[in-house]
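A quick write-up on the structure given underneath.
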Amino acid sequence: MADLQTPLVRRKRKKVLVDYLVQFRWILVIFVVLPFSALIYLNIYLGDMWSAMKSEKRRQKEHEENVDKVVKRLKQRNPKKDGLVCTARKPWIAVGMRNVDYKRARHFEVDLSSFRNILEIDKERMIAKVEPLVNMGQITRATCPMNLTLAVVAELDGLTVGGLINGYGIEGSSHIYGLFSDTVVAMEVVLADGRVVRATKDNEYSDLFYGMPWSQGTLGFLVSAEIKLIPTKYMRAWG
Ligand SMILES: Cc1cc2nc3c(=O)[nH]c(=O)nc-3n(C[C@H](O)[C@H](O)[C@H](O)COP(=O)(O)OP(=O)(O)OC[C@H]3O[C@@H](n4cnc5c(N)ncnc54)[C@H](O)[C@@H]3O)c2cc1C
Ligand SMILES: *[C@@H]1O[C@H](CO)[C@@H](O)[C@H](O)[C@H]1NC(C)=O
């Protein structure tokens, strides 16, 4: 019975360095981490705005030039000397939580960072043609004023079309419309040998069309996608 009388409190131990680091972590978070994150987001936002200011013609012209650059870069690769091909996207900027250790091994980087333009919004076909680094926020800001939206809008503004197709995008509306990739009607892909093909579900590249989702970039570089739009009833884009 005597044991029940003594209070169940752990005895105080002496504070060590780690205790102070934990106690004062807010200093690092508030003055370093938050400003740094805000700067990254501001940079992405300004880039989106800059893209929106360009004329559709200019975006499409840049697209063709950038696809040519990818093809040229792939042709520079010497398979005997250079490692496997992968995107130059840094692991810390990607939202995906997949292990990207392979990027530490010898690899041949192809920079896709300029593929961030909405190429066309076709109100008649109800299709948005976009480049792979276009993010959810960017599409929503462009289509909302037209009373249109993607059928599957993944919930973080920063998620990209390329990641949602080559990974596997999903959202609540997937109960009705399927996975993100099920709302895609065509994909423009640069293959390892430098060929640029447009894959749809019933053309000669239909195997590629069905293979790309969840391929994690192993089949080729997606350089644009045509995605189905649906009419909105209630929606408002913030920012
Ligand atoms: C807090 C949080 C919330 C999330 N919410 C959702 C959600 O609501 N819905 C959802 O679906 N997911 C969600 N995710 C997961 C997210 O969808 C995946 O991580 C997805 O991969 C998107 O990340 P990303 O756009 O940065 O793509 P990345 O991580 O950069 O890419 C994903 C994969 O696609 C490949 N890839 C990317 N671009 C290309 C390209 N152009 N050509 C070939 N391959 C390419 C990459 O190599 C990689 O293997 C969430 C994740 C977090 C952390
Ligand atoms: C979008 O819908 C609202 C509400 O129904 C309407 O007032 C507006 O004119 C529509 N905009 C366009 C571009 O159709």
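Just so you know, these numbers come straight off a predicted model, no measurement behind them. Note that these values count all heavy atoms, side chains included, but never hydrogens, waters or copies made by symmetry. In each ligand, atom 1 is the first atom listed, and ligand 1 is the first ligand listed. Positions are given from 1, in the same order as the sequence printed here.
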Enumerated ligand 1 atoms positioned under 4.0 Å from heavy atoms of F221: 42 (N)
Is_contact(atom 11 (N) of ligand 2), protein non-hydrogen, under 4.0 Å: yes
Heavy-atom protein contact below 4.0 Å for atom 6 (C) of ligand 1: yes
Ligand 1 contacted by G220 (non-hydrogen, < 4.0 Å): yes
Distance filter under 4.0 Å to N166 heavy atoms, resulting ligand 1 atoms: 34 (O), 35 (C), 36 (N), 39 (C), 40 (C), 42 (N), 43 (C), 44 (N), 45 (C)
T160-ligand 1 polar pair, N/O distance under 3.5 Å: yes
L156, any N or O under 3.5 Å of ligand 1 N or O: no
Shortest protein contact, atom 23 (O) of ligand 1 (heavy atom only): G96 N, 3.5 Å
Interfacing atoms of ligand 1 (cut-off 4.0 Å, heavy-atom, G217): 43 (C), 44 (N)
Per-atom contacts, ligand 1 versus P132 - under 4.0 Å to a heavy atom: 41 (N)
contact_flag I170 ligand 1 heavy-atom lt 4.0 Å: yes
Geometric class of the W26/F31 ring pair [parallel <30°, tilted 30-60°, perpendicular >60°]: tilted
Proximity to ligand 1 by part of L112, non-hydrogen separation under 4.0 Å: side chain
Sole candidate of L74, T87, V71, V190 that passes side chain to side chain contact (heavy atoms under 4.5 Å, CB included) when paired with V110: L74
Protein heavy atom under 4.0 Å of atom 1 (C) of ligand 2: yes
Side chains of H63 and E188, donor plus acceptor under 3.5 Å: yes
Atom 5 (O) of ligand 2 [closest protein heavy-atom partner, distance rounded to 0.1 Å]: N147 ND2, 4.8 Å
Which atom of I121 lies closest to which atom of E56, heavy atoms considered: N-OE1, 4.5 Å
Within reach of ligand 1, part of Y168 (heavy-atom separation under 4.0 Å): backbone
Sidechain N-carboxylate O distance under 4.0 Å for R59, E131: no
Closest approach of any protein heavy atom to atom 13 (C) of ligand 2, naming residue and atom: P145 O, 3.4 Å
V95, any N or O under 3.5 Å of ligand 1 N or O: yes
